[in-house]
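To start, the structure itself, in C-alpha coordinates.
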Amino acid sequence: MVQNKMMLNQEVRKATNIDEIVKVYAKIDEGWLRFHYKLSIWLVAFAFIIECLLSIMIVQTDLLSTSVPVYIWRYIAVPSGVNLICIGIGTVVMRSQRSISHQVKMYTISLLLVAVAFILFTIHTIFVSSYFIFAIAIMLSTAYTCYKVTTVTITASLIGFAVSEIFIVWDTEKSIIFNNALRLGDFLVGLVILLAFSFICMVFIHYQRKKSCQYPVGIRKIPFREKAGNR
(Lines give C-alpha, C1' and ligand atoms only; values in the text may rest on other atoms or scores of the structure.)
Protein backbone atom coordinates (compact mmCIF):
# COMPACT_ATOMS: atom_id res chain seq x y z
CA MET A 1 0.00 0.00 0.00
CA VAL A 2 2.75 2.46 0.97
CA GLN A 3 4.78 1.55 -2.11
CA ASN A 4 1.78 2.07 -4.39
CA LYS A 5 1.12 5.43 -2.76
CA MET A 6 4.73 6.48 -3.29
CA MET A 7 4.55 5.45 -6.95
CA LEU A 8 1.32 7.40 -7.33
CA ASN A 9 2.90 10.48 -5.78
CA GLN A 10 5.85 10.20 -8.19
CA GLU A 11 3.50 9.99 -11.17
CA VAL A 12 1.53 13.01 -9.96
CA ARG A 13 4.75 14.94 -9.39
CA LYS A 14 6.03 13.95 -12.84
CA ALA A 15 2.78 15.08 -14.49
CA THR A 16 2.95 18.35 -12.62
CA ASN A 17 6.53 18.90 -13.80
CA ILE A 18 5.52 18.19 -17.39
CA ASP A 19 2.67 20.70 -17.18
CA GLU A 20 5.07 23.30 -15.82
CA ILE A 21 7.53 22.66 -18.65
CA VAL A 22 4.76 22.95 -21.23
CA LYS A 23 3.76 26.29 -19.70
CA VAL A 24 7.38 27.51 -19.82
CA TYR A 25 7.71 26.59 -23.50
CA ALA A 26 4.38 28.23 -24.26
CA LYS A 27 5.54 31.42 -22.54
CA ILE A 28 8.84 31.39 -24.47
CA ASP A 29 7.05 30.89 -27.80
CA GLU A 30 4.56 33.63 -27.00
CA GLY A 31 7.36 36.02 -26.03
CA TRP A 32 9.27 35.36 -29.25
CA LEU A 33 6.11 35.78 -31.34
CA ARG A 34 5.51 39.20 -29.82
CA PHE A 35 9.15 40.17 -30.38
CA HIS A 36 8.89 38.93 -33.98
CA TYR A 37 5.84 41.14 -34.49
CA LYS A 38 7.48 44.18 -32.88
CA LEU A 39 10.62 43.65 -34.94
CA SER A 40 8.50 43.88 -38.09
CA ILE A 41 7.17 47.23 -36.90
CA TRP A 42 10.68 48.46 -36.12
CA LEU A 43 11.89 47.36 -39.55
CA VAL A 44 9.09 49.25 -41.30
CA ALA A 45 9.71 52.37 -39.19
CA PHE A 46 13.47 52.16 -39.79
CA ALA A 47 12.97 51.75 -43.54
CA PHE A 48 10.66 54.78 -43.61
CA ILE A 49 13.20 56.94 -41.76
CA ILE A 50 16.03 55.84 -44.05
CA GLU A 51 13.91 56.51 -47.14
CA CYS A 52 13.15 60.04 -45.92
CA LEU A 53 16.82 60.75 -45.21
CA LEU A 54 17.87 59.34 -48.59
CA SER A 55 15.24 61.41 -50.37
CA ILE A 56 16.62 64.59 -48.80
CA MET A 57 20.14 63.68 -49.94
CA ILE A 58 19.09 62.64 -53.44
CA VAL A 59 16.93 65.70 -54.06
CA GLN A 60 19.86 67.96 -53.20
CA THR A 61 22.21 66.17 -55.61
CA ASP A 62 22.23 65.24 -59.29
CA LEU A 63 21.23 61.64 -58.57
CA LEU A 64 17.52 62.37 -58.97
CA SER A 65 16.43 61.06 -62.39
CA THR A 66 12.73 61.99 -62.04
CA SER A 67 10.58 64.70 -60.49
CA VAL A 68 10.38 65.07 -56.73
CA PRO A 69 6.64 64.19 -56.49
CA VAL A 70 7.16 61.02 -58.56
CA TYR A 71 10.14 60.03 -56.44
CA ILE A 72 8.21 60.53 -53.19
CA TRP A 73 5.27 58.55 -54.57
CA ARG A 74 7.34 55.63 -55.89
CA TYR A 75 9.93 55.31 -53.12
CA ILE A 76 8.22 56.59 -49.98
CA ALA A 77 4.42 56.75 -50.22
CA VAL A 78 3.67 53.44 -51.98
CA PRO A 79 6.14 51.16 -50.14
CA SER A 80 5.39 52.74 -46.76
CA GLY A 81 1.66 52.43 -47.38
CA VAL A 82 1.89 48.74 -48.32
CA ASN A 83 4.15 48.09 -45.33
CA LEU A 84 1.60 49.74 -43.05
CA ILE A 85 -1.11 47.47 -44.46
CA CYS A 86 1.09 44.46 -43.61
CA ILE A 87 1.61 45.76 -40.09
CA GLY A 88 -2.11 46.39 -39.77
CA ILE A 89 -2.85 42.78 -40.69
CA GLY A 90 -0.26 41.62 -38.17
CA THR A 91 -1.79 43.80 -35.46
CA VAL A 92 -5.27 42.38 -36.05
CA VAL A 93 -3.91 38.83 -35.92
CA MET A 94 -1.85 39.43 -32.78
CA ARG A 95 -4.73 41.06 -30.91
CA SER A 96 -7.02 38.13 -31.61
CA GLN A 97 -7.19 36.10 -28.40
CA ARG A 98 -9.43 33.15 -29.29
CA SER A 99 -10.41 33.09 -32.97
CA ILE A 100 -6.81 32.75 -34.25
CA SER A 101 -4.52 30.05 -32.88
CA HIS A 102 -0.92 30.52 -31.84
CA GLN A 103 0.25 28.41 -34.79
CA VAL A 104 -1.63 30.56 -37.30
CA LYS A 105 -0.09 33.65 -35.71
CA MET A 106 3.39 32.16 -36.19
CA TYR A 107 2.77 31.60 -39.90
CA THR A 108 1.15 35.01 -40.34
CA ILE A 109 3.89 37.07 -38.70
CA SER A 110 6.63 35.10 -40.48
CA LEU A 111 4.98 35.62 -43.88
CA LEU A 112 4.24 39.29 -43.18
CA LEU A 113 7.93 39.86 -42.54
CA VAL A 114 8.65 38.16 -45.87
CA ALA A 115 6.14 40.54 -47.49
CA VAL A 116 7.94 43.54 -45.97
CA ALA A 117 11.25 42.13 -47.20
CA PHE A 118 9.75 41.68 -50.68
CA ILE A 119 8.61 45.31 -50.77
CA LEU A 120 11.94 46.70 -49.58
CA PHE A 121 13.90 44.45 -51.94
CA THR A 122 11.73 45.40 -54.93
CA ILE A 123 12.18 49.10 -54.21
CA HIS A 124 15.95 48.80 -53.76
CA THR A 125 16.75 45.85 -56.01
CA ILE A 126 19.40 47.96 -57.72
CA PHE A 127 21.48 47.35 -54.59
CA VAL A 128 22.76 43.78 -54.95
CA SER A 129 23.11 43.07 -51.22
CA SER A 130 19.48 43.96 -50.46
CA TYR A 131 18.46 40.31 -50.93
CA PHE A 132 19.83 39.68 -47.43
CA ILE A 133 16.54 41.13 -46.15
CA PHE A 134 14.96 37.79 -47.06
CA ALA A 135 17.67 35.99 -45.07
CA ILE A 136 16.63 37.98 -41.98
CA ALA A 137 13.02 36.83 -42.37
CA ILE A 138 14.16 33.20 -42.73
CA MET A 139 16.52 33.40 -39.77
CA LEU A 140 13.88 34.83 -37.42
CA SER A 141 11.49 31.96 -38.22
CA THR A 142 14.00 29.38 -36.94
CA ALA A 143 13.39 30.50 -33.34
CA TYR A 144 10.15 28.51 -33.39
CA THR A 145 12.16 25.34 -34.21
CA CYS A 146 9.28 24.31 -36.45
CA TYR A 147 10.13 22.76 -39.82
CA LYS A 148 6.84 23.77 -41.40
CA VAL A 149 7.00 27.45 -40.42
CA THR A 150 10.58 27.84 -41.63
CA THR A 151 9.92 25.85 -44.82
CA VAL A 152 6.94 28.07 -45.68
CA THR A 153 9.03 31.16 -44.92
CA ILE A 154 11.89 29.90 -47.10
CA THR A 155 9.56 29.07 -49.98
CA ALA A 156 7.84 32.47 -49.81
CA SER A 157 11.21 34.25 -49.64
CA LEU A 158 12.64 32.43 -52.66
CA ILE A 159 9.49 33.02 -54.69
CA GLY A 160 9.42 36.68 -53.69
CA PHE A 161 13.09 37.09 -54.58
CA ALA A 162 12.64 35.46 -58.00
CA VAL A 163 9.40 37.31 -58.85
CA SER A 164 10.89 40.67 -57.91
CA GLU A 165 14.01 40.12 -59.98
CA ILE A 166 12.38 38.58 -63.05
CA PHE A 167 8.98 40.25 -63.40
CA ILE A 168 8.98 43.57 -61.51
CA VAL A 169 10.82 46.69 -62.66
CA TRP A 170 10.02 49.30 -60.03
CA ASP A 171 13.32 51.14 -60.21
CA THR A 172 13.67 52.90 -63.56
CA GLU A 173 17.43 52.32 -63.50
CA LYS A 174 17.00 48.57 -63.09
CA SER A 175 17.80 46.45 -66.13
CA ILE A 176 16.12 43.15 -66.95
CA ILE A 177 18.31 40.32 -65.67
CA PHE A 178 18.11 38.42 -68.98
CA ASN A 179 19.39 41.48 -70.85
CA ASN A 180 22.36 42.01 -68.57
CA ALA A 181 24.93 39.30 -67.83
CA LEU A 182 26.07 41.05 -64.65
CA ARG A 183 22.52 41.32 -63.32
CA LEU A 184 21.84 37.67 -64.16
CA GLY A 185 25.03 36.66 -62.35
CA ASP A 186 24.00 38.68 -59.29
CA PHE A 187 20.58 37.01 -59.33
CA LEU A 188 22.04 33.50 -59.49
CA VAL A 189 24.56 34.27 -56.75
CA GLY A 190 21.83 35.69 -54.53
CA LEU A 191 19.64 32.66 -55.17
CA VAL A 192 22.45 30.25 -54.28
CA ILE A 193 23.29 32.17 -51.11
CA LEU A 194 19.64 32.18 -49.97
CA LEU A 195 19.38 28.44 -50.67
CA ALA A 196 22.57 27.74 -48.72
CA PHE A 197 21.43 29.94 -45.86
CA SER A 198 18.06 28.18 -45.83
CA PHE A 199 19.78 24.80 -45.64
CA ILE A 200 21.87 25.97 -42.69
CA CYS A 201 18.73 27.18 -40.92
CA MET A 202 17.05 23.80 -41.40
CA VAL A 203 20.13 22.05 -40.02
CA PHE A 204 20.05 24.39 -37.04
CA ILE A 205 16.42 23.49 -36.36
CA HIS A 206 17.28 19.78 -36.65
CA TYR A 207 19.98 19.99 -33.98
CA GLN A 208 17.88 22.20 -31.73
CA ARG A 209 15.08 19.63 -31.82
CA LYS A 210 17.57 16.83 -31.37
CA LYS A 211 18.95 18.58 -28.30
CA SER A 212 15.45 18.89 -26.83
CA CYS A 213 15.16 15.08 -27.02
CA GLN A 214 17.96 14.72 -24.47
CA TYR A 215 15.58 15.43 -21.57
CA PRO A 216 14.67 12.60 -19.22
CA VAL A 217 12.07 10.16 -20.54
CA GLY A 218 9.22 11.70 -18.57
CA ILE A 219 9.51 15.11 -20.20
CA ARG A 220 10.94 14.16 -23.58
CA LYS A 221 9.25 15.68 -26.62
CA ILE A 222 6.76 17.64 -24.54
CA PRO A 223 7.62 21.23 -25.61
CA PHE A 224 4.65 23.46 -26.40
CA ARG A 225 5.45 23.75 -30.09
CA GLU A 226 5.37 19.96 -30.50
CA LYS A 227 2.32 19.46 -28.30
CA ALA A 228 0.53 22.07 -30.41
CA GLY A 229 1.23 19.99 -33.52
CA ASN A 230 3.84 22.32 -34.99
CA ARG A 231 6.25 19.62 -36.14
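We use all heavy atoms of the structure for the numbers below, so side chains are in, but hydrogens, waters and symmetry mates are not.
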Between [X] and [Y], is any pair of side-chain heavy atoms under 4.5 Å apart?
X      : Y      : value
Ile136 : Leu43  : no
Leu53  : Ile49  : yes
Phe134 : Leu158 : no
Ser55  : Ile76  : yes
Met94  : Thr108 : no
Val203 : Tyr207 : yes
Tyr144 : Leu33  : yes
Ile133 : His124 : no

Using 0.5 Å steps for rounding, measure from the [atom1] atom of [X] to the [atom2] atom of [Y].
X      : Y      : atom1 : atom2 : result
Glu51  : Ile58  : CD    : CD1   : 8.0 Å
Leu120 : Asn83  : CG    : CG    : 5.5 Å
Thr151 : Ile205 : OG1   : CD1   : 7.0 Å

Original post:
Hey, are Thr122 and Ser164 close enough side-chain-wise for a donor-acceptor pair under 3.5 Å?
Top reply: yes

Strictly distance-based, threshold 3.5 Å: is any side-chain N or O of [X] a donor or acceptor partner for the main-chain N or O of [Y]?
X      : Y      : answer
Ser141 : Ser110 : no
Lys105 : Ser96  : yes
Ser40  : His36  : yes

Non-hydrogen atoms of [X] and [Y] that approach each other most closely:
X      : Y      : answer
Arg209 : Cys146 : NH1-CA, 4.2 Å
Gly190 : Tyr131 : CA-CZ, 3.8 Å
Ile123 : Pro79  : CG1-CB, 3.9 Å
Ile177 : Leu184 : O-CB, 3.3 Å

Original post:
Does Tyr71 have any ring-ring contact (aromatic ring centres under 6.0 Å, His included) partners at least two apart in sequence or in another chain, and if so, which?
Top reply: Tyr75

**OP:** Walk me through it: do Ile154 and Met202 pass the test side-chain contact (heavy atoms from CB on, under 4.5 Å)?
**Re:** CA-CA 10 Å; Ile154 290 171; Met202 296 301 283; 4.1 Å; yes

Original post:
For the ring-ring contact (aromatic ring centres under 6.0 Å, His included) test, which of Phe118, Phe132, Phe187, Phe197 pairs with Phe161?
Top reply: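 Considering Phe118, Phe132, Phe187, Phe197, a ring-ring contact (aromatic ring centres under 6.0 Å, His included) with Phe161 is found only for Phe187.
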
